[in-house]
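This report refers to the structure that appears directly beneath it.
Heavy-atom basis, side chains included; hydrogens, waters and symmetry copies ignored.
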Amino acid sequence: MSSISGVGVSTGRAAGPLVRVAEPLPEPPSTPAPVSPEAESGLIRPAAEDVAGRLSARAAEVEGDAKAVLETTAAMAVDPALISQAEQLVTTRSLPAPRAVQEAANGFADALREAGGYLAERVRDVHDVRDRIIASLIGVDAPGVPGLDRPAVLLARDLAPADTADLDPALVLALVTEEGGPTSHTAILARSLGIPAVVAARGVLAADSAVGAVVDGDAGTVDLSDQPVPVEAVDRVAGEEWDGTAATADGHAVKVLANVGSVTDAQGAVEAGAQGVGLFRTEFCYLAAAEEPDVSTQRRAYAEVLTPFAGQPVVVRTLDAGADKPLSFLEPGTEPNPALGVRGLRVSFEQPGVLDRQLEAIAAAAADSGAEVSVMAPMVATAAEARWFAERARAAGVDRAGVMIEVPAAALSAPEILEAVDFVSIGTNDLAQYVFAADRMLGALAELNDPWQPALLRLIDAVGRAGRDLDKSVGVCGEAAADPLLARVLVGLGVGSLSMVAAAVPAVGSALAGHPLSTYRRAAEAALAAAGPVDARRAARAVLE
């Protein structure tokens with residue numbers, strides 16, 4: 001066997017035959033020019049509608065997160081702007097339809113990549129839709145996951161949401177990708193399915209002769225073999241047995257919450273048994289708006305998401321936008337490094353009216369829905385900023401105000417920040433990115449963004465200690481919370497609430513009941529003392545298992 005190292009993003013070990021996910025289609029040629037550009041451009045919309053129809057048909061067969069993913073991808077396939085741009089490239093430049101779709105989609109993807117942040121994470125989705133439309137135009141099967149008739153390890157360059165939304169976890173032993181990172185779709189999916197996964201396994205696709213693999217999601221290794229490998233399936237966490245009570249074995253309560261950003265997400269969270277919402281992303285109300293939505297429009301939109309959680313806690317994050325997540329009405333301008341620029345709460349310092357109107361709408365929606373609503377601000381760096389936000393929130397009628405800990409300065413100033421607010425929530429995705437100066441979208445830097453990095457855990461520990469000292473709540477709403485093993489370490493570090501993708505809620509909730517709090521504290525101490533992420537994961541597992 002040959003061994004390749006990557007980043008383990010979902011725990012466990014599995015082995016079996018290797019099935020490769022088809023590579024993206026080669027770029028279509030720009031010649032020959034169509035005999036009739038008008039007729040050629042007329043092929044694009046039917047192809048896009050064919051793709052959307054196939055995705056919608058798959059969506060009709062599933063529920064929850066899988067349904068939402070497939071419906072969203074179907075909508076992207078028939079996006080009017082994408083279709084119109086492709087049609088214009090045919091008629092104005094005499095490009096063949098497949099080439100026009102390629103260039104139009106690449107233009108959209110480039111714009112998203114340059115925007116950075118959340119929008120950059122949608123680039124893979126645009127490429128997926130592009131390849132599906134081109135495949136329909138040229139009459140070949142769309143790239144993606146092949147049908148499985150036996151258990152197998154899936155190997156891919158990367159996976160788009162629509163590739164994997166309706167995967168059968170009974171047949172998928174493990175996931176391995178050459179690209180991606182700890183916050184990629186593949187990582188989130190693997191944790192939600194409870195199967196081992198390794199991402200950023202650079203060079204794994206070059207092993208053409210490999211027919212079997214052994215995947216270790218803890219060590220982050222993939223052992224490839226040119227001989228058949230017997231099937232070895234991991235024991236999944238019995239999340240389906242969770243009774244909805246989130247507590248350690250000795251009765252220490254922990255809130256298990258969901259991250260939501262739409263009505264569909266809210267419904268999925270309720271179905272998963274989440275005890276509320278730890279991160280309600282409000283950007284959905286703004287993304288398609290040419291102008292700032294008025295208070296009544298925001299109020300209705302927020303209330304629709306909040307209503308299913310009447311009587312339960314919901315933490316609403318105020319608008320997280322700026323130069324890295326541009327909205328036309330904010331006029332963010334061009335910045336040389338938008339990830340470090342005017343974003344999150346910093347936009348509100350320049351345009352406080354936008355924040356005040358949003359807070360007014362949130363307070364009204366809370367009254368309409370009956371949910372126990374708190375608000376928190378993103379991209380806070382100092383105690384003064386936290387105090388400024390809390391005062392505005394309380395003036396708007398929201399009694400409980402907190403902030404995100406995403407910036408190292410905020411983690412280091414946790415005692416002073418917690419003096420100014422009621423709670424904090426740690427966004428591990430961005431905090432890791434800023435701690436290690438490593439773009440979380442770059443597969444080459446995936447190891448630095450591993451949430452098991454001891455430096456990151458030590459910052460979380462500092463925040464947890466501040467929370468205990470001041471008797472203030474500390475939560476985690478980054479993807480780290482969705483890992484059942486890491487979730488228990490976080491509780492040992494003083495985290496009192498964990499918020500995650502809805503599909504991961506049962507597995508995390510059931511895992512917490514396995515040991516008393518004292519054991520989780522010992523596991524946390526072992527991870528903190530480790531030299532690197534692989535050692536930290538192993539040390540914690542040794543204590544817990």
Given R299, E304, Q298, the one that forms side-chain hydrogen bond (donor to acceptor under 3.5 Å, both in side chains) with Y302: Q298
Rounded to the nearest 0.5 Å, how far apart are CD of Q351 and CD of E292? 8.5 Å
Keeping the roles fixed (side chain from Q275, backbone from G244), state whether a donor-acceptor pair exists under 3.5 Å. yes
Heavy atoms only: give me the nearest P506-A502 pair and the separation to one decimal. CD-O, 3.8 Å
Is any side-chain N of the basic residue among R538 and D218 closer than 4.0 Å to the acidic one's carboxylate O? no
Mind running side-chain contact (heavy atoms from CB on, under 4.5 Å) on V198 and V9 for me, showing each step along the way? CA-CA 6 Å; V198 175; V9 293; over 6 Å; no
Can you see which heavy atom on A14 is nearest to which on L173, and at what distance? CB-O, 3.4 Å
Verify the neighbour count for atom NZ of K472: are there more than 12 heavy atoms of other residues, nucleotides or ligands below 6.0 Å? yes
Just how far is it from atom CD of E71 to atom CE of M76, taken to the nearest 0.5 Å? 14.5 Å
Would R317 and E283 pass as an ion pair if we require N to O under 4.0 Å? yes
Could you check if a side-chain atom of L345 sits within less than 4.5 angstrom of a side-chain atom of W388, using non-hydrogen atoms only? yes
Taking the side chain from E406 and the backbone from M379, do they hold a donor-acceptor pair closer than 3.5 Å? yes
Within-4.5 Å side-chain heavy-atom neighbours: L257 and L498: no
Within-4.5 Å side-chain heavy-atom neighbours: V347 and V354: no
Presence of salt bridge, D294 and R357, under 4.0 angstrom: no
Here the pair of heavy atoms bringing Y520 nearest to G514 is OH-N, 3.6 Å
Which heavy atom of A513 sits nearest a heavy atom of A249, and at what distance? O-CB, 3.5 Å
Starting at CG of D483, measure out to OG of S10 and round the result to the nearest 0.5 Å. 6.5 Å
Atom of A363, atom of A396 and distance for their closest heavy-atom approach: CB-O, 3.5 Å
Could you please spell out the steps behind the side-chain contact (heavy atoms from CB on, under 4.5 Å) verdict for V215 and R13? CA-CA 6 Å; V215 180; R13 175 187 169 92; over 6 Å; no
Residue pair C285 / P293: nearest heavy atoms and the distance that separates them: O-CG, 3.2 Å
Heavy-atom check, side chain of F309 versus side chain of E372, under 4.5 Å: no
Answer whether the closest heavy-atom distance between the side chains of L485 and R537 falls below 4.5 Å. yes
Quick one, V256 with L512, criterion side-chain contact (heavy atoms from CB on, under 4.5 Å). Give me CA distance, side-chain angles, the key distance, then yes/no. CA-CA 10 Å; V256 178; L512 291 174; 3.7 Å; yes
With side chains defined as the heavy atoms from C-beta onward, is the minimum distance between R392 and P352 less than 4.5 Å? yes
Within residues 408-424 or reaching into it, pairs that qualify as side chain to side chain donor-acceptor pair (under 3.5 Å) - sequence neighbours excluded: R394-D422
Please report, to 0.1 Å, the donor-acceptor pairs under 3.5 Å made by any side chain of residues 455-468, with sequence neighbours excluded.
unit_1 : atom_1 : unit_2 : atom_2 : d
R458   : NE     : L528   : O      : 3.1
R458   : NH2    : L528   : O      : 2.8
R458   : NH2    : A530   : O      : 3.2
D461   : OD1    : R465   : NE     : 3.4
D461   : OD2    : R465   : NE     : 3.1
R468   : NH1    : L493   : O      : 3.4

Without swapping roles, check the side chain of H515 against the backbone of L544 for a donor-acceptor pair under 3.5 Å. yes
With a 4.5 Å cut-off on side-chain heavy atoms, are E479 and P451 touching? no
Find out whether M404 and C477 are in side-chain contact, i.e. whether some heavy atom of one side chain is under 4.5 Å from a heavy atom of the other. yes
One thing to verify: whether R281 and D320 come together as a salt bridge, which I'm taking to mean a side-chain N less than 4.0 angstrom from a carboxylate O. no
Which value, rounded to the nearest 0.5 Å, describes the distance between E447 atom CD and W452 atom CH2? 15.0 Å
Drop me the distance from Q433's CD to L448's CG, to the nearest 0.5 angstrom. 11.5 Å
Return yes if a side-chain donor-acceptor contact under 3.5 Å exists between D158 and T177, otherwise no. no
For the CG atom of L431 and the CZ atom of F436, what is their distance to the nearest 0.5 Å? 9.0 Å
Just checking, is any N or O donor in the side chain of Q358 or T282 under 3.5 Å from an acceptor N or O on the other one? yes
I195 vs L175, side-chain contact (heavy atoms from CB on, under 4.5 Å): CA-CA, chis, key distance, verdict: CA-CA 8 Å; I195 63 176; L175 295 174; 4.0 Å; yes
Is a donor on one side and an acceptor on the other found under 3.5 Å between the side chain of S369 and the backbone of A365? yes
Answer yes or no: is there a donor N or O on one side and an acceptor on the other, between the side chain of S499 and the main chain of G278, under 3.5 Å? yes
